[in-house]
Amino acid sequence: MTISRRQFATITGAAALATALPRPSRAQQPIVIKFSHVVADDTPKGKGSLKFKELAEKYTNGKVKIEVYPNSQLYKDKEEVEALQLGAVQMLAPSTAKFAPLGAKEFEAMDLPYVFADDATYDKVVKGEVGTYLMAKLKPAGITGLAFWDNGFHMVSANKPLLVPADFQGLKIRISGSKIADMYFRKLGAQPQIMAFSEVYQALQTGVVDGCENTPSNYTTQRFHEVQKHITNSQHAHLQYAVIVNSKFWDGLPADIRGQLEKAMNEATDYTNSIAQKENADALKEIIASGKSTVHTLTPDQRKAWVAALMPVYKTAESRVGKEVLDLLERHRTG
Ligand code: LMR
């Protein structure tokens with residue numbers, strides 16, 4: 001991996017490199033796991049990471065300390081991935097849109113429009129062969145995948161109603177990194193722009209971009225709905241995360257501790273996935289009640305027009321994510 005001198009300066013330092021391996025477990029000196037993420041505590045991922053902290057510290061009897069850094073406090077999207085590889089942090093949970101820098105573009109197949117008919121289909125897919133296939137892609141980058149965490153379906157917003165594809169014409173829409181999202185917004189006639197999550201509110205407020213997509217819990221906790229007059233609950237794509245660790249760190253842990261952490265992760269995963277739907281339903285109610293943004297639901301005909309505009313992405317997606325993952329996904333999401 002090549003990094004600029006600036007990134008090197010922000011991420012490294014002797015201390016950072018030293019944390020790539022678990023510290024010797026002298027009595028009373030816990031192994032520290034820094035878990036960095038970009039969303040608020042009060043979201044499915046935020047709550048999931050705190051649940052993992054609680055369970056991991058309990059099951060290891062305090063031998064492991066989990067330090068959770070939410071809201072891009074330590075690093076923004078791209079930087080946190082570099083920090084993980086360098087060992088400056090040990091654990092992240094980026095969305096599948098953000099895995100290309102780890103050489104795993106296949107994750108972006110999960111960002112395809114309408115790829116999951118419902119949450120049950122999503123759940124079945126990540127727990128099956130597709131999930132295993134994707135996690136294996138991370139190994140060459142020195143990364144181990146531990147779990148998939150759900151955050152439901154995307155909405156999309158701007159300062160005008162977005163009801164039919166023509167409404168997107170010429171709009172600058174912030175995307176988080178996936179080339180698949182780039183493809184689908186272009187099919188709608190928009191101009192997608194990649195931007196770090198922590199910069200979106202200001203970009204919307206100042207008009208650097210006209211709109212964005214995200215789940216209700218990310219809208220409320222970042223206050224996007226206060227700077228977007230119209231939101232369409234389009235459910236055009238799904239937002240999910242992979243919880244990942246630095247392999248050198250993970251493999252270097254004593255086996256009993258790793259086992260306890262796996263147990264904590266499995267339970268934190270069940271917890272996160274069990275609250276995601278309700279968290280987002282509550283956030284949507286909060287947006288509607290705030291009166292700050294008008295929430296639109298598409299009519300069957302409008303939805304049909306979106307589907308017709310977006311489905312051609314499946315033809316171009318292969319050039320980005322490869323045929324293998326698309327075939328696998330197709331078998332498991334429809335089978
Ligand atoms: C985004 O950058 O829009 C999201 O992926 C943030 C997140 O982690 O939910």
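Just so you know, ligand 1 is whichever comes first in the structure, and atom 1 is the first atom listed for that ligand. Numbering starts at 1 and runs along the sequence shown.
Side-chain atoms of Thr43 and Ser217 form no donor-acceptor pair, as typed in the model, at a separation below 3.5 Å.
Each of Val38, Val39, Lys45, Ser95, Lys98, Arg174, Ser176, Phe197, Asn214, Asn218, Leu239, Tyr241 has a non-hydrogen atom positioned under 4.0 Å from some atom of ligand 1.
Aromatic pair His296/His230: centroids less than 6.0 angstrom apart.
A salt bridge between Lys47 and Asp42 is present, with a side-chain N of the basic residue lying under 4.0 Å from a carboxylate O of the acidic one. Note on Glu108 versus Lys179: no salt bridge recorded, every NZ/NE/NH1/NH2 to OD/OE distance being 4.0 Å or above.
Residue pairs satisfying the side chain to side chain donor-acceptor pair (under 3.5 Å) criterion with at least one member in residues 283-292, sequence neighbours excluded, are absent.
Cation-pi geometry between Arg333 and Phe116 is not met: the NZ or CZ atom fails to fall both under 6.0 Å from the ring centre and inside 45° of the normal.
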